[in-house]
Amino acid sequence: MRAAGFVALLTGAKQIGRRRKFSPLLRGLSYLAVAVVAGLATLAAINLTPEPRVLRTIVPHRFDASDPQFARSMSSYSLGQMSDANAVQTLVNGDEIFPSMLQAIGAARSSIDFETYIYWSGAVGYEFAQALAGKARQGVEVRVLVDWVGSLPFDEDLIHIMTSAGVRFQRYRPIHWYTLDRVNNRTHRKLLVVDGRVAFTGGVGIADNWRGNARNPDEWRDTHYRIEGPAVPAFQAAFAENWLETTGETLQGQKFYPPPESAGALGAQLILSSQPNGSETMELMMLAAIAAAKDHLRIGMAYFVPDDIALQQILDARKRGVSVDVIVPNALTDVPLVRKGSRYFWGDLLRAGVRIYEFQPTMYHPKLLIVDDVWASFGSTNLDERSLRLNDEASLNVYGRDFANTQIDLFNQDLGRSRQITLAEWEARPLREKISDWLASRLRSQL
């Protein structure tokens, strides 16, 4: 018994010694774990906390969109230079959009600059990769800039097709330890500039989702635009801005900025937003446009989650007697959380007489704002806080009744394929939907 007791005592002493030996290591590991958790929490707070709001009140109604003062004011406070003599062609759905873009790429002689949020694998991605590679082999300078987040479902073989042919391919803001504070700031711009003379913008990404003519859930509804004229250098400058940030290369000279040529009769201005500075520019433009409405405001948005000020701006238009129609996606949306967050705020709009419609056949992806019958804005910008406060965006404002009427006709066609949501239907949602809508609305600053 004594021997056994001595062995037990000796074993206990050794275990105590081991605990004493490892306790500093354990304490160190626990401190490290706390530091890692604190660091991750800090990074999350930095990325998820919006910048301080610059715009705190609605823009007052001083003049109508048809008043020349509207265009002058818009040019001044949105930093978008106005240009005349532009031509803008409306392209509806993938059956029209992709062939037009590929035709412009095929006709390129000196430069192709392409920036997009979404570039996914598939037949469309392969076709564009081959087209861009083919022009690079012919000696055309081809630059492709895709957002790191938006291009995650991207087959590396497509990148190899392009880069092996001489295409300069870059991802915008990839994740590195020194960029963790900017993870939430993405480029959502959709820009294609060919020879500095032809530009494209709108809602379309490079993916098979956009193929077809919006006939079923597999063919998304979207609109893109082909622009020629003095407005094109602004598109080139927008691409050059993000290319410079990504690569350090400055794009200059006639290859990118040839002498502007008249192409039509439209006045136009490109509005840009970017982080960390300049995000308020796009929101101010949209609020000022809504404030200038006299008769009819038409909003077609893939993601419609306006902040409190934008909601008040729309309600102020209703108080002036402006008719307001809004088209948004139905349950076929690609981001159900956004739809739920949007629905939570519909009550005040519906009670004020705003007409809200859900597009039925497929995902509705345009970004369109039409004021009366004189002004239209389109591009990559949604009426939500992600577009207006987080992303790099680009939207083209076009002045002219004839063009505005073409957009109204297209909007009305979409209305014919949409279902109106009534206040009674909104109020009769099941309790579980009301709760989930409320929970989603708490994330509004990120939607």
Working for salt bridge (Lys or Arg N to Asp or Glu O under 4.0 Å), residues Arg171 and Glu156: CA-CA 12 Å; Arg171 281 192 166 99; Glu156 293 293 323; 3.8 Å; yes
For [X], look at atom [atom1] and say whether over 12 heavy atoms of other residues, nucleotides or ligands are found less than 6.0 Å away.
X      : atom1 : value
Asp402 : CG    : no
Gln69  : CD    : yes
Tyr126 : OH    : no

Close side-chain approach of [X] to [Y], heavy-atom, < 4.5 Å:
X      : Y      : value
Ile290 : Leu297 : yes
Glu241 : Arg189 : yes
Phe114 : Arg143 : no
Met301 : Ile327 : no
Phe169 : Val146 : yes
Val232 : Val198 : no
Leu396 : Phe235 : yes
Val144 : Phe128 : no

To the nearest 0.5 Å, tell me how far [X] [atom1] sits from [Y] [atom2].
X      : Y      : atom1 : atom2 : result
Phe403 : Ile370 : CZ    : CD1   : 8.5 Å
Ile118 : Asp147 : CD1   : CG    : 9.5 Å
Phe256 : Asp113 : CZ    : CG    : 6.0 Å
His224 : Glu96  : NE2   : CD    : 13.0 Å
Gln269 : Ser83  : CD    : OG    : 8.5 Å
Asp373 : Asn405 : CG    : CG    : 5.5 Å

side-chain contact (heavy atoms from CB on, under 4.5 Å) partner of Val324, the single match among Leu315, Ile356, Val354: Val354
Sole residue of Ile206, Asp208, Asp155 in side-chain contact (heavy atoms from CB on, under 4.5 Å) with Ser121: Asp155
Partners passing side chain to side chain contact (heavy atoms under 4.5 Å, CB included) against Glu127 (at least two apart in sequence or in another chain): Leu102
Gln103: side chain to side chain contact (heavy atoms under 4.5 Å, CB included) partners, not counting sequence neighbours: Ala107, Arg226
Do [X] side-chain atoms and [Y] backbone N/O form a donor-acceptor pair below 3.5 Å?
X      : Y      : result
Ser111 : Lys255 : yes
Asp325 : Arg298 : no
Tyr257 : Gly196 : no
Arg211 : Ala123 : no
Asp64  : Asp67  : no
Trp243 : Gly248 : no
Asn93  : Asp95  : no
Lys434 : Glu427 : yes
Glu425 : Ile421 : no

Steps toward salt bridge (Lys or Arg N to Asp or Glu O under 4.0 Å) verdict (Arg429, Asp437): CA-CA 10 Å; Arg429 287 170 299 151; Asp437 289 353; 2.4 Å; yes
Kindly give the heavy-atom pair with the smallest separation between [X] and [Y], and that separation in Å.
X      : Y      : result
Ser387 : Ser273 : O-OG, 4.0 Å
Arg417 : Ala214 : NH2-O, 2.7 Å
Leu272 : Ala394 : CD2-CB, 3.6 Å
Ala87  : Ala263 : CB-O, 3.4 Å
Lys367 : Ala302 : NZ-CB, 3.6 Å
Leu390 : Ser445 : CD1-O, 3.6 Å

I'd like a table of donor-acceptor pairs (distance under 3.5 Å, sequence neighbours excluded) in which one partner is a side-chain atom from residues 408-416, with atom names and distances.
| unit_1 | atom_1 | unit_2 | atom_2 | d |
| --- | --- | --- | --- | --- |
| Asn412 | ND2 | Ile408 | O | 3.4 |
| Asp414 | OD1 | Arg221 | NE | 3.0 |
| Asp414 | OD2 | Arg221 | NE | 3.3 |
| Asp414 | OD2 | Arg221 | NH2 | 3.1 |

Row check, Phe359 ring normal vs Arg419 NZ/CZ: under 6.0 Å, within 45°: no
Ring geometry between Trp220 and Trp210 (parallel below 30°, tilted from 30 to 60°, perpendicular above 60°): perpendicular
Between [X] and [Y], a side-chain donor and acceptor under 3.5 Å:
X      : Y      : result
Thr90  : Gln407 : yes
Asp392 : Ser274 : no
Glu219 : Asn213 : no
Asn397 : Ser377 : yes
Ser110 : Glu141 : no

Centroid separation Tyr225 to Phe378 less than 6.0 Å: yes
Arg318: partners by side-chain hydrogen bond (donor to acceptor under 3.5 Å, both in side chains), with sequence neighbours left out: none
side-chain hydrogen bond (donor to acceptor under 3.5 Å, both in side chains) involving Trp346 - partner list, sequence neighbours excluded: Ser342
Salt-bridge contact Glu433-Arg343 (side-chain N to carboxylate O under 4.0 Å): yes
Pairs touching residues 296-339 that satisfy ring-ring contact (aromatic ring centres under 6.0 Å, His included), sequence neighbours left out: Tyr303-His365
Intermediate values then yes/no, salt bridge (Lys or Arg N to Asp or Glu O under 4.0 Å), Arg389 and Asp384: CA-CA 8 Å; Arg389 304 187 68 190; Asp384 61 14; over 6 Å; no
Candidate pair Glu245 and Tyr172, rule side-chain hydrogen bond (donor to acceptor under 3.5 Å, both in side chains), full reasoning: CA-CA 9 Å; Glu245 176 187 337; Tyr172 183 77; 3.1 Å; yes
